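Here is the structure we will look at.
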Amino acid sequence: MVQPLKLILENVSVARGTRTIIADLSLTVAAGEAVLLTGPNGAGKTTLIRALAGLLAPSAGRISVDGGGEEDLAQQCHYVGHLNGLKASLTVAENLQFWADYLPGHPSAGSVGRVHNALARLNIDALADIPTAYLSAGQKRRAGLARVLMAQRPLWLLDEPTGSLDAASADIVCQLVDAHTANGGMAVIATHLPLAIKAPRTLQLGAKIAAEAA
Amino acid sequence: MVQPLKLILENVSVARGTRTIIADLSLTVAAGEAVLLTGPNGAGKTTLIRALAGLLAPSAGRISVDGGGEEDLAQQCHYVGHLNGLKASLTVAENLQFWADYLPGHPSAGSVGRVHNALARLNIDALADIPTAYLSAGQKRRAGLARVLMAQRPLWLLDEPTGSLDAASADIVCQLVDAHTANGGMAVIATHLPLAIKAPRTLQLGAKIAAEAA
Amino acid sequence: MSAFFTLLKRDLRLALRDGGALGTALGFYLIVVSLLPLGLGPDLNLLSRIAPGILWIALLLAALLSLSRMFETDYEDGSLEAIAAGPLPLELMAGAKALAHALTTGVPLVVITPVLALMLNLDLKAYPVLIASMGLGIPAISFLGSIGAALTLKTRRGGLLLALLVLPLYVPTLIFGISAVNAALSGPQGASSSFLILSAVSLVSLVVGPLAAAAALRIQMQ
Amino acid sequence: MSAFFTLLKRDLRLALRDGGALGTALGFYLIVVSLLPLGLGPDLNLLSRIAPGILWIALLLAALLSLSRMFETDYEDGSLEAIAAGPLPLELMAGAKALAHALTTGVPLVVITPVLALMLNLDLKAYPVLIASMGLGIPAISFLGSIGAALTLKTRRGGLLLALLVLPLYVPTLIFGISAVNAALSGPQGASSSFLILSAVSLVSLVVGPLAAAAALRIQMQ
Amino acid sequence: MDLGPHAAFIWAAYGVFIAVLAAVLAWLWLDGKAQERTLAALEARGIKRRTSRPMSQADAGTGS
Amino acid sequence: MQTQTLTQRLANPTRFMELSALVLPWLWALAGALIAIAMYKVFFIAPADYQQGETVKIMYIHVPAAWLAMMGYGIVALSSFGLLVFRHPLADVSAKAAAPLGAAFTLLALITGSLWGKPMWGTYWVWDARLTSVLVLFFLYMGLIALRNSVEDESAAAKLTAILGLVGVAILPVIKFSVDWWNTLHQPSTGFTQTVDPSMRTPLLISALGFTVLFLAMHMKGMRNEILRRRVKSLTLAAVERAQTSLPEQTSLPEAR
Ligand code: HEM
Ligand SMILES: Nc1ncnc2c1ncn2[C@@H]1O[C@H](COP(=O)(O)OP(=O)(O)OP(=O)(O)O)[C@@H](O)[C@H]1O
Ligand SMILES: Nc1ncnc2c1ncn2[C@@H]1O[C@H](COP(=O)(O)OP(=O)(O)OP(=O)(O)O)[C@@H](O)[C@H]1O
Ligand SMILES: [Mg+2]
Ligand SMILES: [Mg+2]
């Protein structure tokens, strides 16, 4: 059980280049909640998620995680963006092993067991010893997503996690998110597809902005 | 109206590395037909599409386009894979302009008009003068897909075209495919999502093969 | 043929837009040559004696370094496949890319050579021959280089491999390029045979380069 | 600290697995040095005279060329962001990457230097000093280089820029490295002051490099 | 046998020559033995080649 | 079934294995005998050179090594041609087996040459045309081996290496004629074997013949090893596939029409 936390956005604006993509957004995500970000292409889903991950500084307002330690935003979240963060020449297991060793410890299992476990849960254990260069698009995506299981962190930020996944794998990912929120975690997920997540809150990002852009 | 053609696969097997991914597949796609390839991750959808595009030689069997000229497979099709084939430093319009000029001529319009037209149909005309580096994932995808409109070719091979598209854009793509098949074209599309295409045939690729792999 | 020029134009535009290819090569060339006096001490006689060799080698290396990108960026973003599915035979496609490399890398390098030669106190008599020999050698460098670029397309960070594969092919160009300069310095008529051989090498590579590169690309795209 | 070593281990393994980083640099070094006599003519006296300078410059260039990849591959595949979100301060992260660069590029380069020195007919007396000066210079090369690598992370093909930015930083290392060798050749005690300064430069860069690189990375990842 | 003032060079040359050739020969021999052993082990497990075509491309590994 | 031509029959790897098993012991024996005779003559009969003294003994290994270095590349190039043009099933096996052998003999030519150069020219290494071009040949061998190792897919690696092998043949004439292009310390190659005294020529020729036979034997052995390696690989894959087909089947294979 993670300590109950809250993700708080106060009047946040985020700009890309010179354009303000997210304007004056306030939002509180409580422990155990999952928020789906939807909206047309160019609406700013990726932009918002990156701001939450601490990778883009908001041009106005404040983003904070309340109730946790004083580590900064980036340390509290797992961000899996459009890129999977996999090294093509390392095998799936080696890739994950690195994250398991590198990210600060996980109470329940040794790092090798944790990798093993994550591979099994994402149903890619048969691929453990294959260099990721040889995986299909969906297999790569699952290996990339497995990183969130390598260390326990309260906030998951997933950008179109199921984009190239088949239905069965998408379900697996939804179950992982459910387990995470059931355990007091939070998740913010940008998606175009309906996700079979229990009791999600949906935040629809501006169709207006998108209409301007596209 | 394109000349009526047929895509014929006779006992085709395709191997990746040393494993046979597609085994002994026979299939005929007639003019005006659209075939959806479905199946779990790693089933071989991408593999099959690349073989159809002439980018992977089948390990057995024969793939041919019947009724057309003597150009080889690659010249008869538009292949848009997982990668968009966009140059990050060129604008959307410049990217498309290159394809319009490079690929052999299109009867109906001058190449500039063609680009303009395609941008409008994919609803990205507002982005025409932005370097593709600055586009969102779905905007990039649409720019990549616009290539199929840059030259008239009978066979469209699309690999997860709607993966990062919002619902409206996915519909646009489906309409493009419909227009293409109505005009006597053929399309083979790998997808995990149901596509709103008129009268598609579906080819489900082996869950067995995928089970082995993943 | 229009497809050839369309492709060439695109590559030239990309080179200008990204700046990097030209920039890398030019910068490298400049830097090597300006480091040299620091390393060897400011003895102008020594410098002017070794100038033709140093300039030729630095030019070769600078061009070599930008080779790996010849097909790589297009391969990585998926455009190489789409280009190959176009109207141009793969040989001409490879030729267009090699030509673009020569124009965006080789030519600018040759153009700034006089400036660097000045810094190395090269004998004034040698300037025209040096430039001419480099100009003649550029096609060989780019077109032979395209073979190495195609062969190492899929090997991650194929840098060493590329250099290792291409260096042996460059040796004749280098030897005759420099011997032309030295011959011209020692007598008025000496350089012509070296020039002849250099042109022959370049002509051969104009043919062999695209053929071999296309064969390699065909295998790589499988 | 264990995160530091985990990261270091991964980078070393990637370097071994991909082969390229080490390979590129070594191959380049070898090739530059074997091209040289082709260009300068086979005069062994001349070669042995310019050998220390040439070897130092070639080593510097070889190391410089592999710098651009220090953060780039991780940035491109998305792992840099995830690493930055880990337990390691960005400064130590940059330090680990620079150290990995020194170990996978600098050290092998120094190790094969004697073979190349033999081919250039370097005076036997100069070997130990040359190797020692290079060994002392390696940290400066990698850690100062990391600043340039971080600054040019997002510029496509930042090669030129990187070289231009880093070169001025390398000048002291180069000058004192070579002057140590020359001093040792002229007298038994001459080298020690150069060595002192060289060590000082390296120590300073061990501190300044990671600090500046981390600051640059912080901006780049926005 | 007196090989004159440069005997060391002659012996070194012959020594290196023999050493390198011996290394190559040893590698060939050991490699052959290792392949034969694994092949025998596989065949002992009852694994036969799928295709019994004698000229199979897979045999020589040159299939495309 | 047509009757096969001789090359077709030799092209059959199984046949090659049978034939080479018969021939190989004789080749080893012949090579051993020739080399033994040559060495006897070199050390107990052949005179010292009036100029070079006893160091001329290095010649009896240096020159064969240099010749075989070039012959090795010839084999690589021929095999590459065979692979790319005739798709001869053994061609790639031959090219792959020849490259490390050629590299070894090139290295030997370089080392023995250097060790001869020190007493003769006063230095281990000079940058003359012949020495440099042999060094380049060595790089080329390294390039062939490295390229093959760095490409994952074996059949692609074979073809890419073959392309390089063919492009690289240009090195052979360069080595041969380089002595004429550049002022050089090295012995020019023209007519040496005719002009030298028979007391030195005979052992040299016997030695060269012996090492050539040895090279051929090693090449044949290398090809046998490679064929075995490929058999092992395809059997291992068959084993993996068999293990996998015992997995539960979920749905049918691709619909066939
Ligand atoms: C590393 C140094 C050396 C290398 C790479 C080298 C390379 C070669 C090569 C490639 C050949 C065969 C040429 C041909 O058949 O056309 C050769 C032949 C020969 N080398 Fe060397 N060599 C070296 C040093 C020396 C030295 C120091 C000597 C004697 C002073 C020497 C004496 C000869 C002789 C007498 C021949 C036979 C010439 C002939 O074929 O007619 N080599 N060497
Ligand atoms: N680096 C950048 N510089 C400037 N503008 C950018 C940059 N990246 C994205 N944009 C612009 O910001 C807007 C929002 O992009 P964002 O990637 O957040 O959209 P998104 O909602 O994730 O869309 P998608 O569903 O297509 O992934 C788009 O209009 C895009 O053009
Ligand atoms: N270059 C390669 N070398 C070897 N095996 C590969 C290679 N690329 C893919 N594979 C394997 O081939 C199988 C089929 O891959 P493919 O990319 O065709 O799947 P897919 O149906 O497109 O899956 P996805 O829905 O995830 O995109 C997978 O098991 C994958 O691991
Ligand atoms: Mg997005
Ligand atoms: Mg796929």
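Only a predicted model underlies this, so the values are computations on that prediction, with no experimental measurement involved. Any value given below was found using the heavy atoms of this structure, including those in side chains, with hydrogens, waters and symmetry copies removed. Quick note on labels: first sequence line is chain A, next is B, and so on, each numbered from 1.
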Would you say the side chain of F/Leu214 lies within less than 4.5 Å of the side chain of F/Trp28, judging by non-hydrogen atoms? yes
Please confirm whether E/Phe17 and F/Phe211 have ring centers closer than 6.0 angstrom. yes
Does any backbone or side-chain atom of F/Met17 lie under 4.5 Å from a heavy atom of chain E? Answer side chain, backbone, both or neither. neither
Taking the side chain as everything from C-beta on, heavy atoms only, tell me whether F/Arg229 gets closer than 4.5 Å to E/Asp31. yes
The interface call for F/Ile61 against chain E, heavy-atom contacts under 4.5 Å, is both
With heavy-atom distances below 4.5 Å as the criterion, would you say the side chains of F/Asp92 and F/Arg230 are in contact? yes
In terms of heavy-atom proximity below 4.5 Å to chain F, should E/Val24 be classed as side chain, backbone, both, or neither? side chain
Between F/Ile111, F/Leu108, F/Thr112, which residue shows the highest count of heavy-atom pairs closer than 4.5 Å to chain E? F/Leu108
